[in-house]
Visitor: 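One structure is given below, represented as structure tokens, and several questions about it will come after.
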Amino acid sequence: MATTVRRVDYFYVLVPDRPGEAARYLAALQREGIDLLAFSGFPEGRGGQLDFVPADPRAFRALARREKWRLVGPKRAFLISGDDRPGALARVLGKLAEAGINVVAVDAATAGRGRFGAILWVRPEDTRAAGRILRAR
């Protein structure tokens with residue numbers, strides 16, 4: 001199977017640097033049956049940033065309002081999936097490099113059964129060009 005690239009909406013929240021913060025947010029999503037396409041968490045300032053790529057952004061936003069989350073977004077990212085082979089992600093990143101587009105961040109992992117997945121961020125002003133270059137749907 002070929003590598004596919006999909007434009008996605010993502011949202012983030014800033015959280016205190018305390019045990020269980022990500023678990024609390026993910027548990028709320030689980031209770032409501034809201035599925036995520038991707039999730040990433042990392043240190044930010046004195047706390048952390050949790051990035052969510054919901055399968056249903058409308059349902060996600062409704063939950064965030066009910067829970068009074070200080071949600072930022074939607075913003076745009078690219079969800080990448082394909083056959084797990086040497087250089088699969090390098091090819092994608094190489095296309096952007098050739099076009100002079102800087103990748104702000106990327107998280108990737110094997111998905112098992114010979115597949116991989118990644119989420120990739122570029123600057124907002126580069127989103128349209130990156131989508132065109134990567135043939136994102």
Side-chain angles (χ1 to χ4, degrees):
M1 174 182 240
T3 299
T4 61
V5 181
R6 177 175 160 189
R7 295 174 208 266
V8 293
D9 287 334
Y10 80 94
F11 303 83
Y12 72 85
V13 294
L14 298 176
V15 297
D17 184 14
R18 290 193 307 244
E21 285 298 312
R24 183 170 62 85
Y25 282 83
L26 293 173
L29 293 169
Q30 179 184 20
R31 276 192 310 275
E32 294 296 317
I34 295 175
D35 194 21
L36 294 177
L37 302 174
F39 171 77
S40 179
F42 54 91
E44 174 62 35
R46 293 181 182 219
Q49 180 173 317
L50 305 178
D51 288 355
F52 303 91
V53 181
D56 182 348
R58 182 172 285 157
F60 178 83
R61 289 174 84 169
L63 172 65
R65 276 192 298 276
R66 285 193 306 277
E67 295 288 326
K68 296 185 170 79
W69 294 350
R70 296 186 121 174
L71 200 60
V72 178
K75 294 183 172 273
R76 300 297 272 176
F78 297 96
L79 192 62
I80 304 163
S81 61
D83 294 329
D84 187 13
R85 62 190 184 288
L89 191 56
R91 287 180 185 91
V92 172
L93 296 179
K95 289 178 183 179
L96 295 173
E98 286 173 17
I101 295 174
N102 187 44
V103 172
V104 173
V106 61
D107 291 326
T110 182
R113 295 190 174 161
R115 304 279 296 149
F116 85 100
I119 183 161
L120 180 144
W121 295 265
V122 298
R123 289 187 181 100
E125 62 269 19
D126 292 332
T127 301
R128 179 170 286 163
R132 197 171 41 256
I133 290 161
L134 299 176
R135 297 188 176 145
R137 46 182 179 101

Visitor: Using 0.5 Å steps for rounding, measure from the CG atom of Asp51 to the CD1 atom of Ile119.
Guide: 7.0 Å

Visitor: Do other residues, nucleotides or ligands put more than 12 heavy atoms under 6.0 Å from Arg128 CZ?
Guide: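 Open.
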
Visitor: What do the steps show when you test Lys95 against Val92 for side chain to side chain contact (heavy atoms under 4.5 Å, CB included), and what is the final call?
Guide: CA-CA 5 Å; Lys95 289 178 183 179; Val92 172; 5.9 Å; no

Visitor: Would a 4.5 Å heavy-atom cut-off, applied to side chains only, mark Ser81 and Arg115 as touching?
Guide: yes

Visitor: Distance from Thr127 atom OG1 to Arg7 atom CZ, nearest 0.5 Å?
Guide: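 Here the interatomic distance stands at 8.0 Å.
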
Visitor: Would you say Val53 ends up clustered with Ile34 if hydrophobic residues are merged whenever their side chains have heavy atoms under 4.5 Å apart, either directly or through other cluster members?
Guide: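 Result: no, two separate clusters.
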
Visitor: Could you pull out the closest heavy-atom pair between Pro54 and Phe52, with the gap in Å?
Guide: CD-O, 3.4 Å

Visitor: Out of curiosity, Arg132 CZ to Asp126 CG, how far, rounded to the nearest 0.5 Å?
Guide: 10.5 Å

Visitor: Restricting to non-hydrogen atoms, name the atom on Leu79 and the atom on Ala38 that form the minimum distance, rounded to 0.1 Å.
Guide: CD1-CB, 4.2 Å

Visitor: Are the ring centres of Tyr25 and Trp69 closer than 6.0 Å?
Guide: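 Close enough - the centres of the two rings lie under 6.0 Å apart.
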
Visitor: Begin from the C-alpha positions of Arg137 and Val5 and carry the test side chain to side chain contact (heavy atoms under 4.5 Å, CB included) through to its verdict.
Guide: CA-CA 7 Å; Arg137 46 182 179 101; Val5 181; over 6 Å; no

Visitor: Quick one: does any side-chain atom of Arg18 pair with a main-chain N or O of Pro16 as donor and acceptor, under 3.5 Å?
Guide: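 Absent.
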
Visitor: Backbone N or O of Ile80 within a donor-acceptor pair of the Thr3 side chain at under 3.5 Å?
Guide: no

Visitor: Is there a path of hydrophobic side-chain contacts, each under 4.5 Å between heavy atoms of I, L, V, M, F, W or Y residues, that connects Leu71 with Tyr10?
Guide: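 No.
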
Visitor: Show your reasoning for whether side chain to side chain contact (heavy atoms under 4.5 Å, CB included) applies to Asp56 and Asp35.
Guide: CA-CA 7 Å; Asp56 182 348; Asp35 194 21; over 6 Å; no

Visitor: Would you say Phe116 ends up clustered with Leu93 if hydrophobic residues are merged whenever their side chains have heavy atoms under 4.5 Å apart, either directly or through other cluster members?
Guide: yes

Visitor: Which heavy-atom pair separates Asp83 from Ala88 by the least distance, and what is that distance?
Guide: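 Distance-wise, the nearest heavy atoms are O-CB, 3.8 Å.
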
Visitor: How close do Gly73 and Arg61 get, counting heavy atoms only, and between which atoms?
Guide: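 Where Gly73 meets Arg61 most closely, the heavy atoms are O-NH2, 4.4 Å.
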
Visitor: Looking only at heavy atoms, what is the nearest atom pair of Asp9 and Arg76, with distance?
Guide: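 Smallest interatomic distance, heavy atoms only, reads OD1-NH1, 2.7 Å.
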
Visitor: Among Asp107, Val104, Val106, which residue meets the side chain to side chain contact (heavy atoms under 4.5 Å, CB included) test with Leu120?
Guide: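 Single pass found, and it is Val106.
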
Visitor: Does Arg58 CZ have over 12 foreign heavy atoms under 6.0 Å away?
Guide: no

Visitor: If I compare all heavy atoms of Ala130 with all of Ile101, which pair ends up nearest, and what's the gap?
Guide: N-CD1, 3.7 Å

Visitor: Grouping I, L, V, M, F, W and Y whenever their side-chain heavy atoms are under 4.5 Å apart, do Leu63 and Val15 come out in a common cluster?
Guide: yes

Visitor: Please indicate whether Glu67 has more than 12 foreign heavy atoms, meaning atoms of other residues, nucleotides or ligands, lying under 6.0 Å from its CD.
Guide: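 Above 12, so yes.
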
Visitor: If you count every heavy atom of other residues, nucleotides or ligands that lies below 6.0 Å from Arg24 atom CZ, does the total exceed 12?
Guide: yes

Visitor: What's the separation between atom OH in Tyr12 and atom CG in Leu50, rounded to the nearest 0.5 Å?
Guide: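 Tyr12 atom OH to Leu50 atom CG measures 12.0 Å (nearest 0.5 Å).
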
Visitor: Measure the CG-CG distance between Leu36 and Leu26 for me, rounded to the nearest 0.5 Å.
Guide: 6.5 Å

Visitor: For the pair Arg91 (side chain) and Gly87 (backbone), establish whether a donor and an acceptor sit closer than 3.5 Å, ignoring hydrogens and angles.
Guide: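 Side chain of Arg91 to backbone of Gly87, a donor-acceptor pair under 3.5 Å: yes, one is there.
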
Visitor: Are the aromatic rings of Phe11 and Phe60 close, with centres under 6.0 Å apart?
Guide: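 Yes, the ring centres sit under 6.0 Å apart.
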
Visitor: Please test Phe78 against Trp121 for side chain to side chain contact (heavy atoms under 4.5 Å, CB included), starting from the C-alpha separation and ending with a verdict.
Guide: CA-CA 7 Å; Phe78 297 96; Trp121 295 265; over 6 Å; no

Visitor: Starting at CD of Gln49, measure out to CG of Leu14 and round the result to the nearest 0.5 Å.
Guide: 5.5 Å

